[in-house]
Amino acid sequence: MWKYYTKIIQRQSPGGQLCFVRDLSVCGKLKQQTQLEFVGTARIDEKWQQARPYGEMPGPSSLRMLSYFLPGGALRNTNLIQMNRRMREMYGDIYCIPGMMGKPNVVFTYNPEDFEVTYRNEGVWPIRIGLESFDYYRKVHRPDVFKGVGGLVSDQGQAWGDFRSKVNPVLMKVQNVRQNLQQLDQISKEFIDKLETQRDPRTHTLRADFHNELKMWAFESISFVALNTRMGLLTNQPDPNADRLAKHMGDFFNYSFKYDVQPSIWPFYKTPGFKKFLKTYDDITEITTNYIETATKRFECNEDRKTKCVLEQLLALNKQVAVAMVMDMLMAGIDTTSSACLTILYHLARNPAKQEKLRGELLRILPECKGSLTDDSTKNMPYLRACIKEGLRITSITPGNFRITTKDLVLSGYQVPRGTGVLMGVLELSNSDEYFAQSADFMPERWLKSDLASDIQACPEARSRNPFVYLPFGFGPRTCIGKRIAELEIETLLVRLLRNYKVSWLPETPLQYESTIILAPCGDIRFKLEPVGDSM
Ligand code: HEM
């Protein structure tokens with residue numbers, strides 16, 4: 001039977017140095033230790049000496065923590081957000097949750113100064129653990145495909161650093177990403193055409209599940225960027241493999257939450273549920289590699305094009321890097337982008353006056369509904385960009401950012417030893433009046449640099465002076481690598497949607513979210529879409 005474990009351990013080397021290693025072992029056969037950071041002798045500076053000992057930090061013991069989840073317990077049936085809020089009420093703005101089943105202790109902090117200290121000390125290879133099932137799948141279950149490559153989401157240390165420095169120029173360079181604008185715009189047009197077939201012209205409501213349609217748009221968009229392939233998911237006859245892939249991707253965050261975030265025994269015993277997860281993952285791998293093979297043949301027949309697409313550039317690096325990166329893009333780029341789009345649309349629907357101001361900008365960019373977006377026409381969209389930022393401020397799709405400390409740190413006056421997890425509660429802070437004036441109000445003007453018109457005046461004083469309070473895509477060398485792609489996709493879709501329709505929110509209740517690894521809209525989601533036309 002496979003015996004797999006991965007754990008973070010600290011070792012004191014003879015020279016007093018502490019090496020921080022990730023230990024991945026399978027029946028003792030595959031043993032990989034990644035030395036993440038060498039740090040000098042233990043910290044002895046005044047700040048550290050004066051800080052309160054780590055053991056005094058508020059927080060439950062392991063047993064108490066478990067009891068909270070039992071019937072009648074304080075955290076029974078709570079989602080991640082509710083759980084964090086209750087814990088904060090019980091323990092304050094910094095508290096520690098003991099690590100269980102091989103996971104490190106995690107310090108939860110709601111102090112932006114701690115965020116800054118954590119990020120400023122993360123080093124060149126920041127550590128964000130959490131998706132051990134990825135690592136297991138790629139390195140232990142399918143080494144035949146991945147050949148030791150873990151990918152961005154799960155690799156750490158130098159392996160992560162080498163991978164990231166290879167793919168950064170491909171995915172983070174604005175011009176490289178923007179070469180997809182024309183096709184992404186075409187996909188958005190097709191999305192609107194599809195909505196038109198689902199829209200009741202009398203009531204202006206949709207007969208279809210809007211959230212699901214948005215996921216199909218997000219899938220079609222990211223798979224074009226990653227695989228240079230149109231999946232046909234916005235048509236009535238999608239490619240059957242794409243349809244299967246889309247369904248698997250839909251399950252992905254739920255599985256990952258179950259096996260990577262919640263306590264699970266899979267590292268010791270492969271439950272039937274975990275085996276099903278591996279099968280799903282196998283299917284995702286097979287379908288994706290088939291698409292890559294097909295695209296590769298296409299590229300070979302058409303070698304002398306001037307600009308190479310994202311997939312060609314990734315393949316030029318190394319086949320395994322390309323396979324792992326494409327899969328990470330598909331996994332990380334569907335629910336995030338569709339949830340973000342739905343969220344921003346919801347805020348604009350609840351704030352019709354802001355939506356009208358935005359439409360003024362969009363009418364200049366796209367005077368005719370059927371027109372096309374160009375690099376030039378989409379360069380200057382300050383109000384749209386401010387609306388996107390404001391939507392993600394009120395509802396950050398990733399409610400917290402995570403790091404493992406690679407040095408001893410003082411956080412909120414407590415000593416925090418290296419090797420501890422730190423969860424930075426950005427969502428709570430960006431919704432607090434302490435950091436954003438009138439934080440409950442949707443106020444895109446707080447993000448503007450200068451006035452746009454007499455009725456659109458910049459209001460930078462309503463924005464936090466601390467840049468660490470608002471970080472929807474994370475921060476530093478390990479920041480979201482899909483940020484530029486996500487922004488381009490979201491902008492393109494919102495231009496089209498809000499240029500075509502006046503959007504209102506129909507339910508009496510606010511938009512609800514379920515929280516797993518990210519926040520996903522759920523419950524009653526109904527918009528009214530009234531055509532705007534060309535003669536406004
Ligand atoms: C609105 C949409 C998105 C949001 C809000 C978002 C947010 C985030 C955040 C907060 C992180 C962690 C960053 C950190 O630890 O500092 C992250 C990591 C990541 N994201 Fe995104 N993301 C989005 C879209 C995408 C897309 C479209 C892709 C596909 C290319 C993507 C791929 C990734 C990957 C691969 C990582 C891991 C990066 C690494 O560890 O080096 N994300 N994302």
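Side chains are part of it too, since the values below use all heavy atoms of this structure and drop only hydrogens, waters and symmetry mates. Along the sequence shown, the residues carry numbers beginning at 1. Both ligands and their constituent atoms are indexed starting at 1 by order of listing.
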- Query: So do the side chains of Met424 and Phe468 get within less than 4.5 Å of each other, counting heavy atoms only?
  - Reply: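 Side-chain contact under 4.5 Å: no.
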- Item | Arg403 side chain near Arg128 side chain, heavy-atom distance below 4.5 Å |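 Sidechains of Arg128 and Arg403: in contact.
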Please list every donor-acceptor pair under 3.5 Å in which a side-chain atom of residues 318-328 meets a protein atom from a residue at least two apart or in another chain.
| from | atom 1 | to | atom 2 | distance (Å) |
| --- | --- | --- | --- | --- |
| Asn318 | OD1 | Gln320 | N | 2.7 |
| Asn318 | OD1 | Val321 | N | 3.3 |
| Lys319 | NZ | Glu293 | OE2 | 2.9 |
| Asp328 | OD1 | Arg138 | NH1 | 3.1 |
| Asp328 | OD1 | Arg138 | NH2 | 2.8 |
| Asp328 | OD2 | Leu152 | N | 3.4 |

- Around atom CD of Gln182, are there more than 12 heavy atoms of other residues, nucleotides or ligands at under 6.0 Å?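 Atom CD in Gln182 is not crowded, with 12 or fewer foreign heavy atoms closer than 6.0 Å.
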- Are Phe277 and Trp266 close enough that their ring centers fall under 6.0 Å?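 No; Trp266 has its ring centre 6.0 Å or more from that of Phe277.
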- Query: Looking at Phe436, is Arg393 sitting on its ring face, NZ or CZ under 6.0 Å from the six-membered ring centre and within 45 degrees of the normal?
  - Reply: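 Yes; both conditions hold, so Arg393 lies above the ring face of Phe436.
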When you check ligand 1 against the protein, what N or O pairs turn up below 3.5 Å? List the atom names and distances, or just say none.
| from | atom 1 | to | atom 2 | distance (Å) |
| --- | --- | --- | --- | --- |
| ligand 1 | 15 (O) | Arg128 | NH1 | 2.8 |
| ligand 1 | 15 (O) | Arg403 | NH1 | 2.8 |
| ligand 1 | 15 (O) | Arg403 | NH2 | 3.3 |
| ligand 1 | 16 (O) | Arg403 | NH2 | 2.8 |
| ligand 1 | 16 (O) | Phe475 | N | 3.2 |
| ligand 1 | 16 (O) | Arg478 | O | 3.4 |
| ligand 1 | 40 (O) | Arg128 | NH1 | 3.3 |
| ligand 1 | 40 (O) | Arg128 | NH2 | 2.6 |
| ligand 1 | 40 (O) | Leu152 | O | 3.3 |
| ligand 1 | 40 (O) | Arg478 | NE | 2.7 |
| ligand 1 | 40 (O) | Arg478 | NH2 | 3.4 |
| ligand 1 | 41 (O) | Trp160 | NE1 | 2.9 |
| ligand 1 | 41 (O) | Arg164 | NH1 | 2.8 |

